[in-house]
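One structure is given here, and the rest of the page talks about it.
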Amino acid sequence: MKTIIEPFRIKSIEPIRMTTREERRELLAAAHYNLFGLKSEDVLIDLLTDSGTSAMSARQWSAVMLGDESYAGSPSFTRFEAAVRNLMPFRHIIPTHQGRAAEAILFHLLGGPGRKVPSNTHFDTTRGNIEATGAEAFDLVIPEGRDPQALHPFKGNMDVARLAEFLAEHGEDVPCVMLTVTNNAGGGQPVSLENIHEVAGLAHRCGKPFIIDGCRFAENAWFIKTREPGQGERSVTEIVREMFAEADGMTMSAKKDAFANIGGWLALNDDALAERARTRLIQTEGFPTYGGLAGRDLDAIAQGLTEIVDEAYLAYRIRTNEYIGERLMAMGIPVVRPTGGHAVFVDARAWLDHIPPLQYPGQTLACALYEFGGVRTCEIGTVMFGRSPDGTEHPATMDLVRLAMPRRVYTQSHADYVVETFGELAERKEKLPGYRIAWEPSAMRHFTARFAPIQ
Ligand SMILES: Cc1ncc(COP(=O)(O)O)c(C=O)c1O
């Protein structure tokens, strides 16, 4: 069969409140043209993020009812630990309330002034947690990973030659080597098994622990299965186990590839480091058998981990973004290629070339997608990255709009609707206005800045 169907039936639904373009124009103005300011019930299709937005399965909801809320020694923790260890055989598995809490604990222990932490690309909370300790974060992705149009099957790969030079130069100051799978900040691009082995080998030859940020591990494993020579016949579970076999630890947001609405973990093999991590956990998150989560969350994650490696699900998941990407490209709309695991990134600067970067073409496109179709997306460009700490403003490297796909939430007709919204815009894109910032906070301005269209 040619059509890859959603491999699930829908038993419980959330209604979408239909709105008109006129209503949305007013709602947008009332939110000061910042899509984070909208109420979610005023959004038709919400592609703001894939984090924590998954639809849980009937089995996950049943598992929620089995959650044991004992402060210490809950069987929910035992089930959670076993489910993680089934895929990632670490000695110590430490639950946290979400991914960034795992990062904060890890870098509380490994960071500090003068320390330098390389990765393919650090996610912004990882970078934030490293920098908060006075350490520095370095992104050493392969050159293709920085070029939106470069066609490479594993654009998330670490540049191993640069990592070797980096370790030769800064060896003493490097507390660990990290790798983010898939590379979210680089467009949801995967890392090959070969690259994972090379990075692990190099880190170990230099005496450094190798830590994986595994948020989208299952999507990464699917890309390995379908793109890496010799991997096609292996199961995703086998590939996942091999991805983590040489790692000394991992950070994880269960809000992504565990189908949970909240949760995360830090895993480690080093007994002494794990002991210190648990002590910090007790100070900041909670007792080691719940770590900032309810027992029911631990059970939802445990069940979610058995479902995320389902290959019919992963085939549908990756195909959804590929499909949207292909249809947009057929309309002449520039997208980051190949499409990533969890999102489609549209090159707004290239498509809306009448709007200069400092008038925020990504913001223009995101606002127009909402006004015309009720579709909420996220600007990843000059609004997000353009303000420097010294107060000056510069265009970001790219002005992208991210269409992040929540897991198991939308169907193909929703995808078609999103593509049609782009079609509507294509007819009038030259008339879309740029924006100026009317007010912005001192940091992280994309969340709360107020905009005004330039008439
Ligand atoms: C690659 C990556 N690492 C870490 C995080 C942080 O996870 P959380 O949002 O659960 O704190 C995210 C979240 O988007 C992510 O994409």
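Whatever order the structure lists ligands and atoms in, that order sets their numbers, starting from 1.
- Between H170 and F138, the angle of the ring planes stays under 30°, which puts this pair in the parallel group of the 30/60° scheme.
- In this structure, W351 and F422 have tilted ring planes: the angle between them lies in the 30° to 60° band.
- The ligand atoms of ligand 1 that sit less than 4.0 angstrom from a heavy atom of T125 are 4 (C), 5 (C), 6 (C).
- Scanning all heavy atoms of the two residues, the minimum distance from W265 to T96 falls at N-OG1, 3.4 Å.
- Taking a cutoff of 4.0 Å between a charged side-chain nitrogen and a carboxylate oxygen, E285 and R280 do not qualify as a salt bridge.
- Using a 4.0 Å cut-off between heavy atoms, R100 contacts ligand 1 through both its backbone and its side chain.
- Counting only heavy atoms of the protein, atom 14 (O) of ligand 1 lies nearest to K256 NZ, 2.8 Å.
- Residue-ligand proximity, T180 to ligand 1, at heavy-atom distances under 4.0 Å covers atoms 1 (C).
- Contact atoms of ligand 1 toward R216: 1 (C), 15 (C), 16 (O) (distance under 4.0 Å to a heavy atom of the residue).
- Shortest contact from atom 10 (O) of ligand 1 to any protein heavy atom: S253 OG, 2.7 Å.
- A donor-acceptor pair is defined here as one N or O able to donate and one able to accept, closer than 3.5 Å; such a pair exists between the side chain of R376 and the backbone of L35.
- Geometrically, R408 does not engage F8 in a cation-pi contact defined by less than 6.0 Å to the ring centre and at most 45° from the axis.
- Using a 4.0 Å cut-off between charged nitrogen and carboxylate oxygen, R100 and E103 do not count as a salt-bridge pair.
- A heavy-atom separation below 4.0 Å is found between C215 and ligand 1.
- Taking atom 8 (P) of ligand 1 as the reference point, the nearest protein heavy-atom neighbour is Q98 NE2, 3.3 Å.
- Checking side-chain atoms of N261 against main-chain N and O of G52 turns up a donor-acceptor pair under 3.5 Å.
- Atom 3 (N) of ligand 1 has D213 OD2, 2.7 Å as its closest protein atom, hydrogens excluded (heavy atom only).
- Among all protein heavy atoms, the one lying closest to atom 5 (C) of ligand 1 is F123 CD2, 3.3 Å.
- Salt bridge absent: E41 and R17 never bring a charged side-chain N and a carboxylate O closer than 4.0 Å.
- Remark: ligand 1 atoms within the under-4.0 Å shell around heavy atoms of K255 are 10 (O).
- The protein non-hydrogen atom at the shortest distance from atom 4 (C) of ligand 1 is E103 OE2, 3.1 Å.
- The N/O atoms of T126, backbone and side chain alike, include none that comes under 3.5 Å of an N/O atom in ligand 1.
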